[in-house]
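Quick notes on the structure that follows.
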Amino acid sequence: QVRLVESGGGSVQAGGSLRLACVLSGYTSAPPSMGWFRQAPGKEREGVAAIDSDGGVEYADSVKGRFSITRDNTKSTVYLQMNSQKPDDSAMYYCAARFYEPCGGFDQFSYDYWGQGTQVTVSS
């Protein structure tokens, strides 16, 4: 069964950096498209970054220029490098996978598999 496990979350001061990783296991076909989402307390879950099976990337306006999503298919891992972090970046971060790409990378309903999340806290 497909499983995703996130890691790399923690606490950092404003302006600092963290690198999240999501390890995907249990798939038997070509590597899926992957996305990073986040949800802060009292807020809806939102898309942060996405990368398709060909390496194409997509970012939320709020993180452009600060975050970078990459993947290493040999390790079945997708990364989210977060630089110049702001308190508004504090949230539970989730990775997700989909094997079909009918729409944009931030359509949550198109993702079939989700990790359990890793917490990121940015202090001011």
Side-chain angles (χ1 to χ4, degrees):
Q1 184 174 357
V2 176
R3 298 185 65 182
L4 295 83
V5 180
E6 304 98 331
S7 64
S11 298
V12 64
Q13 68 181 78
S17 299
L18 287 173
R19 188 193 191 202
L20 307 183
C22 176
V23 179
L24 175 68
S25 64
Y27 65 93
T28 58
S29 59
S33 295
M34 303 288 292
W36 283 100
F37 297 80
R38 67 186 183 188
Q39 185 171 27
K43 297 183 178 180
E44 297 294 322
R45 187 161 58 188
E46 62 177 351
V48 177
I51 184 167
D52 63 28
S53 58
D54 295 321
V57 298
E58 183 178 353
Y59 296 100
D61 289 341
S62 60
V63 306
K64 286 182 179 177
R66 300 189 298 117
F67 290 12
S68 178
I69 185 171
T70 58
R71 68 187 303 161
D72 184 345
N73 289 337
T74 64
K75 298 180 179 179
S76 298
T77 302
V78 63
Y79 303 92
L80 183 66
Q81 179 67 46
M82 305 183 292
N83 298 323
S84 301
Q85 291 198 260
K86 306 175 181 179
D88 285 347
D89 293 328
S90 297
M92 183 72 75
Y93 283 71
Y94 301 89
C95 64
R98 63 181 183 179
F99 292 93
Y100 295 96
E101 302 176 27
C103 50
F106 296 154
D107 179 9
Q108 299 183 46
F109 294 112
S110 69
Y111 287 85
D112 299 308
Y113 306 97
W114 294 80
Q116 294 187 352
T118 184
Q119 181 68 46
V120 172
T121 302
V122 183
S123 62
S124 59

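Note that the structure is predicted; figures quoted are calculated from it, not measured.
Enclosure of atom CD in Gln13 is not indicated, since only 12 or fewer non-hydrogen atoms of other residues, nucleotides or ligands lie within 6.0 angstrom. For Gln116, the CD atom is loosely surrounded, since the number of other residues' heavy atoms within 6.0 Å does not exceed 12.
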Might you work through the side chain to side chain contact (heavy atoms under 4.5 Å, CB included) test for Ser7 and Thr118, ending with a clear yes or no? CA-CA 6 Å; Ser7 64; Thr118 184; 5.6 Å; no
One pair to check against side chain to side chain contact (heavy atoms under 4.5 Å, CB included): Phe99 and Tyr27. What are the steps and the verdict? CA-CA 10 Å; Phe99 292 93; Tyr27 65 93; 3.8 Å; yes
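The minimum heavy-atom distance linking Pro87 with Ala14 is given by the pair CD-CB, 4.2 Å. Shown here for Ser110 and Gly104, the closest heavy-atom pair between the two residues is OG-O, 4.5 Å. Of all heavy-atom pairs between Gly117 and Met92, the closest is C-SD, 3.7 Å. The two residues Gly9 and Leu20 come nearest to each other via the heavy atoms N-CD2, 3.5 Å. Shortest non-hydrogen contact noted between Ala60 and Gly47 is CB-O, 3.5 Å. Contact detail for Ala49 and Leu80: the closest heavy-atom pair is CB-CD1, 4.0 Å.
Val12 pairs by the side-chain contact (heavy atoms from CB on, under 4.5 Å) definition with Leu18, Gln85, Val122, not counting sequence neighbours. Under the ring-ring contact (aromatic ring centres under 6.0 Å, His included) criterion, Tyr111 pairs with Phe37, not counting sequence neighbours.
Follow the hydrophobic side-chain contacts under 4.5 Å out from Val2 and you reach Met34 in the same cluster. Under a hydrophobic clustering in which Ile, Leu, Val, Met, Phe, Trp and Tyr are joined whenever their side-chain heavy atoms come within less than 4.5 Å, directly or via other members, Tyr94 and Leu4 fall into different clusters. In terms of hydrophobic clustering, with Ile, Leu, Val, Met, Phe, Trp and Tyr side chains grouped at heavy-atom distances under 4.5 Å, Val5 and Tyr113 are assigned to different clusters. Residues Tyr79 and Val57 are members of separate hydrophobic clusters, defined by side-chain heavy-atom contacts under 4.5 angstrom among Ile, Leu, Val, Met, Phe, Trp and Tyr.
In this structure, CD on Gln119 lies 7.5 Å from OG on Ser90, to the nearest 0.5 angstrom. In this structure, Arg71 CZ and Cys22 SG are separated by 10.0 Å, a value rounded to the nearest 0.5 Å. The distance from the CZ atom of Arg45 to the CZ atom of Phe106 is 13.5 Å, given to the nearest 0.5 Å. For the atom pair Ile51 CD1 and Ser68 OG, the distance stands at 8.5 Å (nearest 0.5 Å).
Proximity of a side-chain donor or acceptor of Glu6 to a complementary backbone N or O of Cys95 within less than 3.5 Å is detected. In this structure, Asp52 contributes its side chain and Gly55 its backbone to a donor-acceptor pair below 3.5 Å.
Sorted by first then second residue, the salt bridge (Lys or Arg N to Asp or Glu O under 4.0 Å) pairs that include residues 79-96, not counting sequence neighbours, are Arg38-Asp89, Arg66-Asp89.
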